[in-house]
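So the structure is just underneath, and the comments pick up after that.
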Amino acid sequence: MTRLSVEMLAADTVEPITSAGHAQLGVAVLVGIGVIVLLITKFKLHAFLSLTLGSLVLGAIAGAPLDKVIASFTTGLGTTVAGVGVLIALGAILGKMLADSGGADQIVDTILARASGRSMPWAMVLIASVIGLPLFFEVGVVLLIPVVLMVAKRGNYSLMRIGIPALAGLSVMHGLVPPHPGPLVAIDAIGANLGVTLALGILVAIPTVIIAGPVFSRYAARWVDVPAPERMLAETRGSAQDATQGVAKDAEKRPAFGATLATILLPVVLMLSKALVDIVIDDPENSVQRVFDVIGSPLIALLASVLVGIFTLLRPAGFSKERISPLVEKSLAPIAGILLIVGAGGGFKQTLIDTGVGQMVLEISEDWSIPALLLAWLIAVAIRLATGSATVATVSAAGLVAPLAADMSTTHAALLVLAIGAGSLFFSHVNDAGFWLVKEYFGLNVGQTVKTWSVMETIISVVAGGLVLLLSLVI
């Protein structure tokens with residue numbers, strides 16, 4: 001997948017569909033992104049429609065024939081969905097299995113039973129990081145917020161001391177670690193190696209989540225010292241029950257902690273094993289490497305985890321064969337919007353490349369002498385601040401800087417993906433749905449949400465971006 005992606009990008013940038021100069025292309029990019037921002041923020045148009053219209057505007061201002069712009073957009077959309085659509089679907093199925101079987105509850109209860117006092121923030125960040133691997137950010141919030149509120153209430157903790165570590169764990173996984181949609185799209189666009197990106201992503205994620213979670217929560221708890229809101233305790237308890245309808249309430253029917261953890265970590269282990277074998281053997285004709293190339297591919301790794309989950313998660317929870325198919329169906333419905341946004345982002349990315357914008361960024365970056373990783377981070381930050389969407393920031397930035405990866409080593413291409421992911425998390429504010437989700441669940445006002453959630457997201461972005469730059473100097 002990675003080699004093919006690089007070849008496609010190189011081929012696309014050789015003969016752009018327009019001969020516009022840098023000035024015209026620059027205006028086209030600014031107007032195209034401006035249209036997307038305006039439609040999302042001012043007119044509240046869905047990101048899928050906004051990205052589609054923004055792509056057409058970009059191509060038109062760049063002077064490209066409209067039929068070729070449409071062809072570029074649809075090609076990019078199809079290629080992106082083909083590359084990551086199945087992975088997003090498998091991740092959604094695994095997350096639904098984890099929630100409905102009671103596996104998520106089992107992990108939470110097991111870790112909390114062994115934590116108390118000063119170790120509680122660390123327990124919360126560990127829970128969120130593990131749960132956050134297969135779950136989308138919003139689903140993870142719905143599952144964990146009731147736990148956060150009840151722990152804060154029963155233990156008489158400051159809400160921020162418990163809540164910030166949990167949110168940091170979820171956010172870091174969402175922005176930096178595959179198989180979340182953002183990193184997957186960037187990997188596909190840039191042609192990076194997924195196993196190497198996963199390994200480096202975890203390496204960057206660990207210190208990042210420690211600093212933005214347990215460490216920062218000490219200061220956040222002083223700045224915003226609020227208890228768990230009473231009105232939200234009942235509401236979130238009901239929301240959690242609705243979200244996990246069909247969960248085995250009897251603890252004896254829950255899947256075992258070890259089996260649940262092994263199921264969640266199975267795709268990570270398989271993909272990391274492939275990356276390690278590729279480094280150690282480095283012979284495409286070697287039979288061992290070919291086996292690991294298959295079992296460590298994202299599709300097979302996630303599919304294996306889903307199939308194993310049927311026996312380790314669903315069967316112990318009492319799910320009959322007749323209940324498994326409806327569960328899968330319910331897990332796929334909510335991701336339709338995500339798939340369309342990701343696909344349209346891929347279409348926008350391809351339009352950027354085919355109009356010659358990617359090549360323009362490559363040439364300008366050489367004149368500026370700005371490191372490619374820093375440029376990628378800054379572009380993602382700008383789009384994140386403007387649109388409020390980490391996914392839109394990721395796919396747009398990946399399209400702009402993809403040509404920069406053509407001459408990069410495997411590790412630096414992976415770091416480019418992580419730089420984009422780090423930038424896409426910068427300073428969540430009022431144009432981000434996650435901002436309002438946190439505000440309402442925690443019962444905060446806008447100012448308190450900025451002091452806690454927004455600052456936490458900024459710390460994640462800056463720390464992760466800094467670590468990526470440091471790694472680029474030594475590997």
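Every heavy atom of this structure was used, including side-chain atoms; hydrogens, water molecules and symmetry mates were not. Position 1 is the first residue of the sequence; numbering continues from there.
- Residue pairs that meet the side chain to side chain donor-acceptor pair (under 3.5 Å) test with at least one member in residues 123-135, sequence neighbours left out, do not exist here.
- Contacts classified as side chain to side chain donor-acceptor pair (under 3.5 Å) and involving residues 167-177 (residues at least two apart or in different chains) are given here: Ser171-Glu457.
- Side chain of His429 to main chain of Phe435: no donor-acceptor pair is present (N/O by atom type, distance under 3.5 Å, no hydrogens or angles).
- A side chain to side chain contact (heavy atoms under 4.5 Å, CB included) with Leu302 is found for exactly one of Leu90, Leu270, Leu266, Leu307, namely Leu90.
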Let me check something: any side-chain donor-acceptor pairs from residues 118-128 under 3.5 Å, sequence neighbours excluded? List them with distances.
| unit_1 | atom_1 | unit_2 | atom_2 | d |
| --- | --- | --- | --- | --- |
| Ser119 | OG | Ser116 | N | 3.0 |
| Ser119 | OG | Ser116 | O | 2.7 |

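- A donor-acceptor pair is defined here as one N or O able to donate and one able to accept, closer than 3.5 Å; no such pair exists between the side chain of Thr263 and the backbone of Ser305.
- We find the OG1-CG distance between Thr260 and Leu98 to be 7.0 Å, quoted to the nearest 0.5 Å.
- Remark: Ala256 pairs with Ala259 by the side-chain contact (heavy atoms from CB on, under 4.5 Å) rule, at least two apart or across chains.
- Met160 contributes atom CE, which lies 10.5 Å from atom CE of Met456 (distance to the nearest 0.5 angstrom).
- Pairs of residues two or more places apart, or lying in two chains, that qualify as side chain to side chain donor-acceptor pair (under 3.5 Å) and include a residue from residues 200-229 are Arg161-Ser217.
- Asp407 CG: 12 or fewer foreign heavy atoms inside a 6.0 Å radius.
- The line from OG of Ser55 to CD1 of Ile36 is 6.0 Å long, rounded to the nearest 0.5 Å.
- One N or O on the side chain of Ser461 and one on the backbone of Ala422 form a donor-acceptor pair closer than 3.5 Å.
- Partners of Asp109 by side-chain hydrogen bond (donor to acceptor under 3.5 Å, both in side chains), not counting sequence neighbours, listed by chain and number: Arg254.
- Between atom CG of residue Leu51 and atom NE2 of residue His46 there is a gap of 10.0 Å, rounded to the nearest 0.5 Å.
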